Undergrad: 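Below is the structure I would like to discuss, written out as structure tokens.
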Amino acid sequence: MPIVSRGFKGKRRGEGPSDRVPPGQYLTDDFPVLSAGPTPHTPVDQWDFTITGEVDELTRWTWDEFRALPSETFTVDIHCVTKWSKLDTVWEGVRLDTLLERVETAVDYATAYCDGGYTTNVPLADLAGGRAWVVYGYDGELLDPEHGGPARLLVPHLYFWKSAKWVRGLRLTATDEPGFWESNGYNLYGDPWREQRYWGD
Ligand SMILES: Nc1nc2c(c(=O)[nH]1)N[C@H]1C(S)=C(S)[C@@H](COP(=O)(O)O)O[C@H]1N2
Ligand SMILES: [Mo]
């Protein structure tokens, strides 16, 4: 009987198409949960989304106001710095463009902040152009609290740590300020196609 372990790669499906799977990543069908702390459970009647910081006026949406904004269902690939990628994930949410068009600012950076205290920094340019969303639906259902429900940021062209779960707003800043993981060794920008995993990558 051969001793090779066919199960060694678990649910990995191999490396996948190189135009879809960035260097160093493997594909998974699972949806792992990665959280630096406990899952907050903020009721939607206590939820709001605020754009604050270097803005002319603070802009805020209640849950009902946010849900009344134009939304879309879309399919993207996601890439976690721990090396799993997941293709064709289906989300529902509001483009950041829709939120940012209400905001006047002279600065170029944003820090997403969350229930539970997590933060992550993203240049405003990366939040514009239909490349970033605040999502509340996944795979035809409301977003599971473990995956960031009621709502999370989704910036699929950057490593998945930029997709802040339980997001409550953006603080706009003049300089690119490291968030939680970026202060702990992760790359300030996090482009998976350039393998910008850690400081110095
Ligand atoms: N608020 C918050 N958002 C977060 C995290 C976190 O710990 N707290 N972890 C990040 C990391 S490192 C990853 S890989 C993804 C994981 O999302 P998932 O649990 O839905 O797979 O969420 C990101 N967003
Ligand atoms: Mo991650």
Side-chain angles (χ1 to χ4, degrees), residues 10-13 21-44 46-52 63 66 73-93 96 110-123 126-127 131-171 177-199 201:
K11 297 260 171 146
R12 295 178 188 191
R13 289 196 325 214
V21 184
Q25 298 292 111
Y26 67 86
L27 289 180
T28 183
D29 288 328
D30 293 339
F31 196 170
V33 171
L34 288 116
S35 305
T39 296
H41 291 272
T42 302
V44 292
Q46 287 165 37
W47 186 95
D48 61 7
F49 189 91
T50 307
I51 301 182
T52 183
W63 179 256
F66 173 73
T73 298
F74 58 95
T75 302
V76 292
D77 303 337
I78 54 179
H79 312 292
C80 176
V81 74
T82 61
K83 301 200 168 177
W84 56 268
S85 289
K86 189 170 171 60
L87 304 185
D88 298 320
T89 58
V90 181
W91 305 84
E92 183 178 0
L96 255 298
T111 292
Y113 59 90
C114 306
D115 285 322
Y118 185 84
T119 56
T120 188
N121 57 301
V122 185
D126 287 80
L127 297 179
R131 297 190 295 163
W133 296 262
V134 174
V135 293
Y136 48 79
Y138 173 75
D139 218 7
E141 317 256 335
L142 283 180
L143 183 59
D144 196 303
E146 288 195 323
H147 286 298
R152 79 183 294 167
L153 186 64
L154 189 72
V155 193
H157 70 281
L158 300 177
Y159 280 124
F160 206 35
W161 88 77
K162 298 289 185 181
S163 293
K165 304 196 282 190
W166 317 298
V167 70
R168 291 294 300 274
L170 299 177
R171 193 163 45 83
E177 293 175 11
F180 176 77
W181 282 120
E182 296 85 1
S183 302
N184 286 285
Y186 283 23
N187 191 270
L188 203 58
Y189 183 63
D191 180 352
W193 296 97
R194 289 187 278 164
E195 267 203 277
Q196 294 175 332
R197 299 177 191 275
Y198 309 111
W199 294 349
D201 284 348

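All ligand and atom numbering here is 1-based and tracks the order in the structure. Note that these values count all heavy atoms, side chains included, but never hydrogens, waters or copies made by symmetry. It should be emphasised that the depicted structure is a prediction, and the values quoted were computed from it without experimental measurement.
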Undergrad: Is it the side chain (CB and beyond), the backbone, both or neither of W166 that lies under 4.0 Å from ligand 1, heavy atoms counted?
TA: side chain
Undergrad: Using atom types as modelled and distance alone, determine if a side-chain donor or acceptor of E92 lies under 3.5 Å from a backbone N or O of G137.
TA: no
Undergrad: Just to confirm my output: which protein heavy-atom neighbour is closest to atom 22 (O) of ligand 1, and how far is it?
TA: R152 NH2, 3.2 Å
Undergrad: What I want to find out is whether K86 reaches D77 closely enough, with some N-O distance under 4.0 Å, to be called a salt bridge.
TA: no
Undergrad: Looking only at protein heavy atoms, which one is nearest to atom 11 (C) of ligand 1, and what is the separation?
TA: W161 CA, 3.6 Å
Undergrad: Classify the side-chain pair T120/E182 by whether it contains a donor and acceptor separated by less than 3.5 Å.
TA: yes
Undergrad: When you measure from atom 10 (C) of ligand 1 to every protein heavy atom, which one gives the shortest distance, and what is it?
TA: Y118 OH, 3.5 Å
Undergrad: Would you check whether F31 reaches within less than 4.0 Å of ligand 1, judged by its heavy atoms?
TA: yes
Undergrad: Suppose we measure from atom 14 (S) of ligand 1 to each protein heavy atom; which comes out shortest, and what is that distance?
TA: C80 SG, 3.3 Å
Undergrad: Considering the options Y186, Y189, W161, which one meets the ring-ring contact (aromatic ring centres under 6.0 Å, His included) requirement together with Y198?
TA: Y186
Undergrad: Does the pair Y113 and T52 meet the rule for a side chain to side chain contact (heavy atoms under 4.5 Å, CB included), with working shown?
TA: CA-CA 11 Å; Y113 59 90; T52 183; 3.8 Å; yes
Undergrad: Among protein heavy atoms, which lies nearest atom 21 (O) of ligand 1, and at what distance?
TA: P32 O, 2.6 Å
Undergrad: Just one of W166, F31, Y138 clears the side chain to side chain contact (heavy atoms under 4.5 Å, CB included) bar with H147, so which one?
TA: F31
Undergrad: Mark yes or no for whether R152, through its side chain, and S163, through its backbone, hold a donor-acceptor pair below 3.5 Å.
TA: yes
Undergrad: Return the residue, atom name and 0.1 Å-rounded distance of the protein heavy atom closest to atom 3 (N) of ligand 1.
TA: K165 N, 2.8 Å
Undergrad: Please answer whether the main-chain N or O of N187 pairs with a side-chain N or O of R197 as donor and acceptor at a distance below 3.5 Å.
TA: no
Undergrad: A36 heavy atoms, cut-off 4.0 Å: which ligand 1 atoms fall inside?
TA: 6 (C), 7 (O)
Undergrad: Using the benzene-type ring in the case of Trp, are the ring centres of F49 and W63 under 6.0 Å apart?
TA: no
Undergrad: Below 4.0 Å from ligand 1: does a non-hydrogen atom of W181 turn up there or not?
TA: yes
Undergrad: Examine C114 against ligand 1 and note whether any of their N/O atoms are separated by less than 3.5 Å.
TA: no
Undergrad: Hey, which atoms in ligand 1 end up nearer than 4.0 Å to a heavy atom of A164?
TA: 3 (N), 24 (N)
Undergrad: When you check the side-chain N and O atoms of N121 and T111, is any donor under 3.5 Å from an acceptor?
TA: no
Undergrad: Among protein heavy atoms, which sits nearest to atom 9 (N) of ligand 1, and what does the distance come to when rounded to 0.1 Å?
TA: L34 O, 3.2 Å
Undergrad: Just to confirm my output: which protein heavy-atom neighbour is closest to atom 24 (N) of ligand 1, and how far is it?
TA: S163 O, 3.1 Å
Undergrad: Looking only at heavy atoms of S35, does any of them come nearer than 4.0 Å to an atom of ligand 1?
TA: yes
